[in-house]
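The chain is numbered in sequence order, starting from 1.
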Amino acid sequence: MSANSQTEQYFNALLESYDALTRAIEQANERGLGLSRQLLAEVTAAQRQTLDLAKRVAADPSDMAAAYSAIMESAVAAQSQALDFTQTAYKEAVAASGEAREALDSLLNASRAAAEAALDLSREWQASNPWADLFQKGLDSFTAATSGTPAKKNAKTGAKV
């Protein structure tokens with residue numbers, strides 16, 4: 001495989017990981033926006049119901065039975081709306097969890113592909129660069145000298161490195 005195709009493979013893997021991250025952010029943004037819109041609709045409806053209740057009680061404040069009935073209706077409606085919103089928020093959280101898992105899987109796969117492509121590219125570079133072998137031998141000698149372990153023997157020449 002040529003260095004150009006390995007380089008291209010590496011950058012394609014990086015682009016794949018960036019695309020996966022972008023998709024995850026867009027999905028989270030859409031979920032948050034949808035939930036915010038529903039909350040706004042619920043708050044608006046609750047305000048209207050509160051004003052309607054106030055009008056009904058103010059229309060005949062002496063009729064306690066009608067006022068009590070209107071208050072109970074309003075309380076039941078508010079509980080129902082709160083339950084609906086909680087249910088929707090729970091469903092969104094479960095769906096977001098699944099999307100996050102899928103996004104993480106995509107990111108991990110793309111990162112694995114990028115790492116493999118980078119490794120292949122570095123191997124190709126090392127094989128085609130005469131200085132890379134010299135550098136590796138020097139690094140091995142330095143590591144051996146600083147750690148106190150004997151230097152490795154070069155398999156090709158039999159000399160200590």
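From Leu119, atom CG reaches atom CD of Glu116 across 8.0 Å, with rounding to the nearest 0.5 Å. In this structure, CD in Glu73 is found 10.5 Å from CD in Gln49, a value given to the nearest 0.5 Å. Atom CG of Leu35 is separated from atom CD of Glu42 by 10.5 Å, given to the nearest 0.5 angstrom. Between Thr88 atom OG1 and Leu39 atom CG the span is 11.0 Å, to the nearest 0.5 Å. To the nearest 0.5 Å, the span separating CG on Asn29 from CD1 on Ile25 amounts to 9.0 Å. Between Leu15 atom CG and Tyr10 atom OH the span is 10.5 Å, to the nearest 0.5 Å.
Hydrophobic clustering, defined by side-chain heavy atoms of Ile, Leu, Val, Met, Phe, Trp and Tyr closer than 4.5 Å, groups Ile71 together with Leu53, Val57.
The closest side-chain heavy-atom distance from Asp60 to Ser62 is below 4.5 Å. Put simply, the side chain of Phe11 reaches to within 4.5 Å of the side chain of Thr7, judged on heavy atoms.
Under the 3.5 Å distance criterion, with hydrogens and angles disregarded, no donor-acceptor pair is assigned to the side chains of Asp19 and Ser17.
Taking hydrophobic clusters as Ile, Leu, Val, Met, Phe, Trp and Tyr residues chained together by side-chain heavy-atom distances below 4.5 Å, Leu21 does not share a cluster with Leu108. Val43 and Phe85 fall within the same hydrophobic cluster, defined by Ile, Leu, Val, Met, Phe, Trp and Tyr side-chain heavy atoms under 4.5 Å apart, directly or through other members.
The nearest pair of heavy atoms linking Ala66 to Asp63 is CB-OD2, 3.1 Å.
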Practice task
Show your reasoning for whether side-chain contact (heavy atoms from CB on, under 4.5 Å) applies to Leu104 and Ser106.
Solution key: CA-CA 5 Å; Leu104 185 58; Ser106 295; over 6 Å; no
Handout entry: Chi angles and distances behind the side-chain hydrogen bond (donor to acceptor under 3.5 Å, both in side chains) call for Asn109, Ser111
Key = CA-CA 5 Å; Asn109 290 336; Ser111 294; over 6 Å; no
Exercise for the section: Run the numbers on Thr44 and Arg48 for side-chain contact (heavy atoms from CB on, under 4.5 Å), then give the verdict. Expected result: CA-CA 6 Å; Thr44 303; Arg48 294 184 190 280; 3.7 Å; yes
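Under a 4.0 Å N-O distance rule, the pair Glu99/Arg31 qualifies as a salt bridge. A salt bridge links Arg56 with Asp52: the closest approach of a Lys/Arg side-chain nitrogen to an acidic carboxylate oxygen falls below 4.0 angstrom.
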